[in-house]
**Student:** 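Before anything else, here's the structure in question.
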There are 2 protein chains.
Amino acid sequence: MLKKFPDDSVGLVESQAIEFNDPLELACGRTLNQYTLMIETYGELNADKTNAILICHALSGHHHVAGYHQGDTKPGWWDSAIGPGKAIDTNKFFVVGVNNLGGCHGSSGPNQIDPQTGKPYGPDFPLMTVKDWVVSQARLADHFGIWQWAAVIGGSLGGMQALQWAITYPDRLRHCMVIAAAPKLSAQNIAFNEVARQAISKDPQFYNGRYYDHDEVPKTGLMLARMVGHITYLSDDGMREKFGREMSAGKLMFDFNPQFEVESYLQYQGERFSTSFDANTYLLMTKALDYFDPASEFNHDLSQALKHVTAKFMLIAFTTDWRFSPERSREILDALMDAGKDVSYTEIDSPQGHDAFLIPIPRYMEIFNAYMGRIAADIPALAKENTHAR
Amino acid sequence: MLKKFPDDSVGLVESQAIEFNDPLELACGRTLNQYTLMIETYGELNADKTNAILICHALSGHHHVAGYHQGDTKPGWWDSAIGPGKAIDTNKFFVVGVNNLGGCHGSSGPNQIDPQTGKPYGPDFPLMTVKDWVVSQARLADHFGIWQWAAVIGGSLGGMQALQWAITYPDRLRHCMVIAAAPKLSAQNIAFNEVARQAISKDPQFYNGRYYDHDEVPKTGLMLARMVGHITYLSDDGMREKFGREMSAGKLMFDFNPQFEVESYLQYQGERFSTSFDANTYLLMTKALDYFDPASEFNHDLSQALKHVTAKFMLIAFTTDWRFSPERSREILDALMDAGKDVSYTEIDSPQGHDAFLIPIPRYMEIFNAYMGRIAADIPALAKENTHAR
């Protein structure tokens, strides 16, 4: 554990499990009668509950967005952007991180106990869509008495949730930040996801998703899934810069051990992931990605889907991101412009590919900061009368 | 079987196994004392043996390049380019196709019997390099009494062999056609190969490469390897055009069966491949790709590596090829220009990604044809005296 947290860190944080008993009807036709959302919050909710920001996570993310858990030396996954004085300034905002339903970090999901059977849900946990998540997150807002988010913010799959928020609940957010996302997956995106799913589901240790009963995990499948994923998160240029053709032994070795630095790196990433993430959740998250296509309900016209949106938008894309390239963000930009909405768009020059959205690149953080200033300025002045009434 | 072959087909063809007993020293330090090369030839070798063209194959290719085997309804893998009146005109040229050492189509390789043990080589077959193949192909030229190829031609890994030919045997080819290739793999290329190798070698049916003894094949591993490979052979645009987000059932189905057309397509390709290709060969071929780097022996200066080249070069790249993008072909172009060599370069506009090199795209075939005319014009006039002397 760190002896002292950095000054701009939210410091020691704890997760909370929030129980919901209102049945949640899902896009797949099934209903979750009760469910848990695992969350974290940073900063203070103001009296009017108008300074709240929701952070939506990506494929392998979770509710632990910033700060440190007891004993940890590494902070939450977006600590670089959240804390006192940081872009998402916890002196000004109340920040909520949530593990999505179907996740594997404490919210109801395949690796959690189904109260109806007393056993892990496993493959019986229903497939979730981005819209299902947004509905569950709205219930979370209700739990806090938050009517309107100051902003909903997310990168990648998280950005898709932010976009869906603006469509499903136009009145319930003032700003929408969609980072390194796309309005729907391309055939190539789906293809990579399908390779990952095949790797997991054909692993003999997968047991049709009931590996919990066998005290096993489909380690190889998850490792392969993560290796493929990882290649798509980095850029060709970035990998060239980071690894080039450097060889561990300095010369060609004629065997099948990892030889080039990039091979060892990927294997390490894959193996680490395979013991820390749940395979059923990986399958479910990739399906939610594949299925996301808000325009499909509007005759495939995204600007129609965005017609009733009232949030102001900030879109950010990264030059070498080839998973969700700037072109994909510009599809959202164009649709918002066609619909006559308030939208800013920035393309950040960076070699880090899709991963860039998690990295505090100076120009990115500068623009992020500036836009957060706009979000802070849009917080309504405290309604004094209401405050007095308390 | 076809009742009648197309007029521009070389028609019914047969493979030949050529035995070699001269020990072949390999880059890995080991020696093949005897080996077989499985080949096919089309057209007639002229009296001076100056009209011969060597076709080098790519990762999953082989010696059956054109025409039909008895009973087949589909021709060899590059039939579109080879035949009477086609780009590589068998009325003018004697064309040689060869299965590379380590392959799985009849040349000495992991799935063939090791004469010293009476059992399949399996993982004991030595790792091959592009240079090893070129040396073995030179012995094949010797076998036919061919001193100088009119051209050595190849796409992808085949193009690397053509390039290596020009470096290793500068006097033994007049033209070198390098299509959709690169002077060495990038870190990203190696990363995708490593995913494929991990998928194969971690398949429980792989048995450390001795699956022949168990009467099994690592089907899942090969399927995954091919699926990943296939994504890199197609382009994002091409996949969008071909599959889009079309769903087999016409609507979302909330299960893990293939749902989008692109999923079914990839699974089909993967499964077909997994029963027709040898896993050890796949490992070996990807390693040969990773290791190819002719500049590495010349202080990483490709123009130095090409200094003694005398062949004239034709380089062809395809706009949407992201496995070996036009930029990679231009690295070869620049090095040849720096070295003051005779080189033509064409970029073909096509949506088909890396696969384009196998497709008879009109503009591609037009340029191919024109350049083949140049190769035909460079065949020395028959040396009458020599002919008389016979």
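The chains referred to below are lettered A, B, ... by the order of the sequence lines, with proteins before strands, and numbering in each begins at 1. Predicted, not measured: the structure shown is a model, and the values here were computed from it. Heavy atoms only: backbone and side chains are in, while hydrogens, waters and symmetry mates are out.
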**Student:** Please flag which part of A:R240 lies under 4.5 Å from any non-hydrogen atom of chain B: side chain, backbone, both or neither.
**Tutor:** both
**Student:** A side-chain contact here means heavy atoms from C-beta on lying under 4.5 Å apart; do B:F192 and A:M227 qualify?
**Tutor:**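 SC-SC contact between B:F192 and A:M227 ruled out.
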**Student:** Working to the nearest 0.5 Å, report the span between NZ of B:K184 and CZ of A:R245.
**Tutor:** 6.5 Å
**Student:** Under a 4.0 Å threshold between the charged nitrogen and the carboxylate oxygen, would B:E297 count as salt-bridged to A:K251?
**Tutor:** no
**Student:** I'd like to verify something: which residue of B:K202, B:Q198, B:M239 has the highest number of heavy-atom pairs under 4.5 Å with chain A?
**Tutor:** B:Q198
**Student:** Can you tell me if A:E327 has over 12 outside heavy atoms packed within less than 6.0 Å of its CD?
**Tutor:**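 Count not over threshold, so no.
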**Student:** Going by the angle between their ring planes, with limits at 30° and 60°, are A:F260 and B:Y291 parallel, tilted or perpendicular?
**Tutor:** tilted
**Student:** Compare all side-chain heavy atoms of A:E263 with those of B:N193 and state whether any distance is below 4.5 angstrom.
**Tutor:**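 No; the side chains remain at least 4.5 Å from each other.
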**Student:** So do B:L224 and A:L224 actually touch side chain to side chain, heavy atoms under 4.5 Å?
**Tutor:** yes
**Student:** Could you grab the distance from atom CE of B:M253 to atom NZ of A:K287, nearest 0.5 Å is fine?
**Tutor:** 10.5 Å
**Student:** Side chains of B:Q267 and A:E194: do they bring a donor and an acceptor to under 3.5 Å?
**Tutor:** yes
**Student:** Can you tell if the side chain of A:F243 reaches within under 4.5 Å of the side chain of B:Q188, non-hydrogen atoms only?
**Tutor:** no
**Student:** Let's test your reading of the structure: which of B:D293, B:T129, B:V228, B:L234 forms the most heavy-atom pairs below 4.5 Å with chain A?
**Tutor:** B:D293
**Student:** Report yes if the side chains of A:Q259 and B:D290 come closer than 4.5 Å at any heavy-atom pair, otherwise no.
**Tutor:**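 Result no, sub-4.5 Å side-chain heavy-atom pair not found.
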**Student:** For a quick test of reading the model, state the closest non-hydrogen atom pair linking A:A191 to B:V262 and the distance between them.
**Tutor:** CB-CG2, 4.0 Å
**Student:** With chain A, which of B:L266, B:D203, B:L252 has the greatest number of heavy-atom pairs at distances under 4.5 Å?
**Tutor:** B:L252
**Student:** Shortest non-hydrogen contact from B:G244 to A:A187?
**Tutor:**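 For B:G244 versus A:A187, the nearest heavy atoms are O-CB, 3.4 Å.
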**Student:** I need the B:I190 CD1 to A:M247 CE distance, nearest 0.5 Å.
**Tutor:**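 CE of A:M247 is found 7.5 Å from CD1 of B:I190.
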**Student:** Might you confirm whether atom CD of B:E216 has over 12 heavy atoms from other residues, nucleotides or ligands at distances under 6.0 Å?
**Tutor:**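 Atom CD in B:E216 is packed in, count exceeds 12.
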**Student:** So does A:D255 have more than 12 non-hydrogen atoms from other groups sitting under 6.0 Å from CG?
**Tutor:** yes
**Student:** In terms of heavy-atom pairs under 4.5 Å with chain A, which of B:T220, B:L284, B:N189 leads?
**Tutor:**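 Most heavy-atom pairs within the cutoff with chain A belong to B:T220.
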**Student:** With a 4.5 Å limit on heavy-atom distance, are the side chains of A:D236 and B:W322 in contact?
**Tutor:** no
**Student:** Nearest 0.5 Å please: distance from the CZ atom of B:F256 over to the CG atom of A:N280.
**Tutor:**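 Between atom CZ of B:F256 and atom CG of A:N280 there are 7.0 Å.
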**Student:** Could you have a look at A:E246, A:H230, A:M223 and say which one has the most heavy-atom pairs with chain B under 4.5 angstrom?
**Tutor:**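 Most pairs with chain B among the choices: A:M223.
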**Student:** Nearest heavy-atom pair of A:F254 and B:A27: which atoms, and what distance?
**Tutor:**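 Closest approach of A:F254 to B:A27, heavy atoms only: CE1-O, 3.7 Å.
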